[in-house]
Colleague: 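Right, I'll just put the structure down here and ask away after.
Hydrogens, waters and symmetry mates are skipped; everything else that's a heavy atom, side chains included, is used. Numbers for residues simply follow the sequence, beginning at 1.
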Amino acid sequence: VINQMVMASYHTYDYKSRLYLHACDVSKQMFWCNPINGQSAHCWGRALGWYAMAIVDNLELLPTDCPDRTKAINILLHIAQQLERYAHKETGLWYQVMDRSGDDGNYLEASASCMFTYALYKGVRIGVLPSHYRKVADKAWQGILDNFIRIDNQGLVNITEVCAVAGLGGKNNRSGDYNYYINEMKRDNDAKAVGPFILAALEVEYLSEK
C-alpha cells in the first residue's frame, strides 16, 4: 500500500509547482504526456483530492509500527503545505486547475475542495498532521458552505460547481491542456462532491465534540 503511494508521488511530482500532476505515462507514448518525463500538463484538483483522501484513509488503518509509514505521512504533510499555499485567500477553497490558480477561466471547484477539507480534518484528528491545519480546514469548510451549498425552494440541500468528469486520452482524445479542464461540464450534486462533503461534515462533528 505504501509503495503505491510513494510510486505515485515519484511519477507525478512537479518541482516547479510543488504539486502532484494528474497523471504520468511511464512509457512516454500517450499524446497528452510530456515526452521527457511522461507527466501530464497540469494538477487537476480532484485527482490530487483522491490522492490525499487515499493516503489519510490508509494511514488510519496502517499499524503505527508499519515499515515506511513515515513516507506516507511525509507525502500527506507536503500536500497539506501546498494546500495552504494554494488556497484562495478569501474563501479558503481550491481551483479546478491547481497549478493555474486564479488564472482566467479557472474556477473554485467543489469536489476537490471537499476532498481536501476532509483530508486535512482527518489528518489532524488521527494525529498525522499538525493541529495548525485544522484552521486551514475550518476556513475551507466555511467557504464550502458559503459558496457551494444552495438550499432550493423545497428545502433540499444542493452542492454546486462540481466538475462532472475529467480525464486524459480515451475515445474523445482528451488533451489535458488548460482549456480542456476549465471547459469540462459542471453539474450539481455529483456524487464525487456529495460523498466528500458528507465525510468532511462528519469530521467537523467529530472534532467539535473534542
Colleague: Please check this pair: side chain of Y86 against backbone of R100, looking for a donor-acceptor N/O pair closer than 3.5 Å.
Modeller: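 No: the side chain of Y86 does not pair with the backbone of R100.
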
Colleague: Please give me the minimum heavy-atom distance between L48 and C43, naming the atom from each residue.
Modeller: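 Between these two residues, the closest heavy atoms are CD2-SG, 3.9 Å.
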
Colleague: If you measure from CG on N173 to CG on L168, what distance do you get to the nearest 0.5 Å?
Modeller: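 Atom-to-atom, N173:CG and L168:CG are 11.5 Å apart.
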
Colleague: In sequence, state the C-alpha distance, the side-chain angles, and the governing distance for R125 and R134, and then conclude on side-chain contact (heavy atoms from CB on, under 4.5 Å).
Modeller: CA-CA 9 Å; R125 176 171 66 81; R134 182 172 179 178; over 6 Å; no

Colleague: Can you check whether A164's main-chain N or O pairs, donor with acceptor, with K192's side chain at less than 3.5 Å?
Modeller: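 Judged by distance alone, yes, a pair lies under 3.5 Å.
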
Colleague: When you check the side-chain N and O atoms of H42 and Y180, is any donor under 3.5 Å from an acceptor?
Modeller: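 Y180 and H42 do not have a side-chain donor-acceptor pair below 3.5 Å.
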
Colleague: Are L145 and L93 connected in the hydrophobic side-chain network, where two residues link if heavy atoms are under 4.5 Å apart?
Modeller: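 Yes; tracing contacts between hydrophobic side chains, which count when under 4.5 Å, links both residues.
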
Colleague: Step by step, would you call Y181 with C163 a side-chain contact (heavy atoms from CB on, under 4.5 Å)?
Modeller: CA-CA 9 Å; Y181 287 109; C163 173; over 6 Å; no

Colleague: Could you go through the side-chain contact (heavy atoms from CB on, under 4.5 Å) check for R46 and E109 one step at a time?
Modeller: CA-CA 9 Å; R46 189 156 73 222; E109 199 275 329; 3.8 Å; yes

Colleague: Hydrophobic cluster membership, with links at side-chain heavy-atom distances under 4.5 Å among I/L/V/M/F/W/Y: are I149 and L202 in one?
Modeller: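 In one cluster: yes.
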
Colleague: I'd like to know if the side chain of H88 reaches the main chain of S101, judged simply by a donor and an acceptor atom lying under 3.5 Å from each other, with no hydrogens or angles considered.
Modeller: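 It does not hold such a pair.
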
Colleague: When you check the gap from the basic side-chain N to the acidic O, do K16 and D14 get nearer than 4.0 Å?
Modeller: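 No, this pair does not count.
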
Colleague: How close do C66 and I2 get, heavy atom to heavy atom, and via which atoms?
Modeller: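 In terms of heavy atoms, the two residues are closest at SG-CD1, 3.7 Å.
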
Colleague: Would you call L77 and P130 a side-chain contact if the rule is heavy atoms closer than 4.5 Å?
Modeller: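 Result yes, sub-4.5 Å side-chain heavy-atom pair found.
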
Colleague: So for atom CD, which belongs to Q4, do other residues, nucleotides or ligands contribute more than 12 heavy atoms lying within a distance under 6.0 Å?
Modeller: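 Atom CD in Q4 is not crowded, with 12 or fewer foreign heavy atoms closer than 6.0 Å.
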
Colleague: Heavy-atom count around D104 CG within 6.0 Å, excluding the residue itself: above 12?
Modeller: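 No, not enclosed.
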
Colleague: Heavy atoms, side chains only, cut-off 4.5 Å: are S111 and D190 in contact?
Modeller: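 S111 vs D190: side chains apart.
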
Colleague: For H11, is there any backbone N or O sitting under 3.5 Å from a side-chain donor or acceptor partner on Q39?
Modeller: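 Judged by distance alone, yes, a pair lies under 3.5 Å.
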
Colleague: Can you tell me if Y178 uses its side chain to pair, donor with acceptor, with the backbone of A41 under 3.5 Å?
Modeller: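 Not confirmed, Y178 side chain does not pair with A41 backbone.
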
Colleague: If you define the side chain from C-beta out and look only at heavy atoms, does anything of Y13 sit under 4.5 Å from R18?
Modeller: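 The answer is yes; the side chains approach within 4.5 Å.
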
Colleague: Is L83 linked to L207 within one hydrophobic cluster, defined over Ile, Leu, Val, Met, Phe, Trp and Tyr using a side-chain heavy-atom separation of less than 4.5 Å?
Modeller: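 No, separate clusters.
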
Colleague: If only side-chain N and O atoms count, and only distance matters, is there a donor-acceptor pair under 3.5 Å linking D25 with Q29?
Modeller: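 Not at all, the side chains of Q29 and D25 share no donor-acceptor pair under 3.5 Å.
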
Colleague: In Å and rounded to the nearest 0.5 Å, what is the OH to CD1 distance from Y10 to I75?
Modeller: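 Taking OH in Y10 and CD1 in I75, the distance rounds to 13.5 Å.
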
Colleague: Over all heavy atoms of both residues, which pair between G92 and A140 is shortest? Give the atoms and the distance, please.
Modeller: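 For G92 versus A140, the nearest heavy atoms are O-CB, 3.4 Å.
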
Colleague: Looking at R174 and K171, would you say the former's side chain and the latter's main chain have a donor-acceptor pair under 3.5 Å?
Modeller: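 Pair absent, no side-chain N/O of R174 close to backbone of K171.
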
Colleague: To the nearest 0.5 Å, tell me how far Q96 CD sits from E184 CD.
Modeller: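 So the CD of Q96 and the CD of E184 are separated by 8.5 Å.
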
Colleague: Under 4.5 Å between side-chain heavy atoms, hopping through other hydrophobics if needed: is there a path connecting L129 to L19?
Modeller: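 Yes, L129 and L19 fall within the same hydrophobic cluster.
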
Colleague: Assess the side chains of Y118 and D57: does a donor N or O sit below 3.5 Å from an acceptor N or O?
Modeller: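 Result is yes, a qualifying pair exists.
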
Colleague: Tell me whether S113 contacts the main-chain N or O of A110 through its side chain, where contact means a donor paired with an acceptor under 3.5 Å.
Modeller: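 Not a single qualifying donor-acceptor pair exists.
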
Colleague: Tell me if a side-chain donor or acceptor on N158 pairs with a main-chain N or O of L156 at a distance below 3.5 Å.
Modeller: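 Yes, N158 side chain to L156 backbone: donor-acceptor pair under 3.5 Å.
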
Colleague: Testing T91, V162, T160, D188 one by one against F148 for a side chain to side chain contact (heavy atoms under 4.5 Å, CB included), which residue passes?
Modeller: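 Result: among T91, V162, T160, D188, T160 is the only option passing the side chain to side chain contact (heavy atoms under 4.5 Å, CB included) with F148.
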
Colleague: Can you get from V56 to Y133 by hopping between Ile, Leu, Val, Met, Phe, Trp and Tyr side chains that sit under 4.5 Å apart?
Modeller: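 Cluster IDs for V56 and Y133 match.
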
Colleague: Calculate, to the nearest 0.5 Å, the distance between atoms OG and CD1 belonging to S9 and I55 respectively.
Modeller: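 Reported to 0.5 Å precision, the distance equals 7.5 Å.
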
Colleague: What distance do H22 atom NE2 and M98 atom CE have between them, rounded to the nearest 0.5 Å?
Modeller: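 If we round to the nearest 0.5 Å, H22:NE2 and M98:CE are 13.5 Å apart.
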
Colleague: State, to 0.1 Å, how close G38 and C33 come at their nearest heavy-atom pair, and which atoms those are.
Modeller: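 Closest pair (atom of G38, atom of C33, distance): O-CB, 3.2 Å.
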
Colleague: Decide side-chain contact (heavy atoms from CB on, under 4.5 Å) for H78 and Y20; before the verdict, give the C-alpha distance in whole Å, the side-chain angles of both, and the deciding distance to 0.1 Å.
Modeller: CA-CA 10 Å; H78 179 78; Y20 297 97; 3.8 Å; yes

Colleague: Which heavy atom of A23 sits nearest to which heavy atom of W32, and what is that distance?
Modeller: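 That would be CB-CH2, 4.0 Å.
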
Colleague: Which atom pair, heavy atoms only, marks the closest approach of I79 to A52?
Modeller: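 In terms of heavy atoms, the two residues are closest at CG2-CB, 4.3 Å.
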
Colleague: With rounding to the nearest 0.5 Å, note down the distance linking CZ in R85 to OG in S17.
Modeller: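 If we round to the nearest 0.5 Å, R85:CZ and S17:OG are 7.5 Å apart.
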
Colleague: Yes or no on ring-ring contact (aromatic ring centres under 6.0 Å, His included) for F197 and W141, after CA distance, side-chain angles and deciding distance?
Modeller: CA-CA 9 Å; F197 175 77; W141 179 247; 5.2 Å; yes

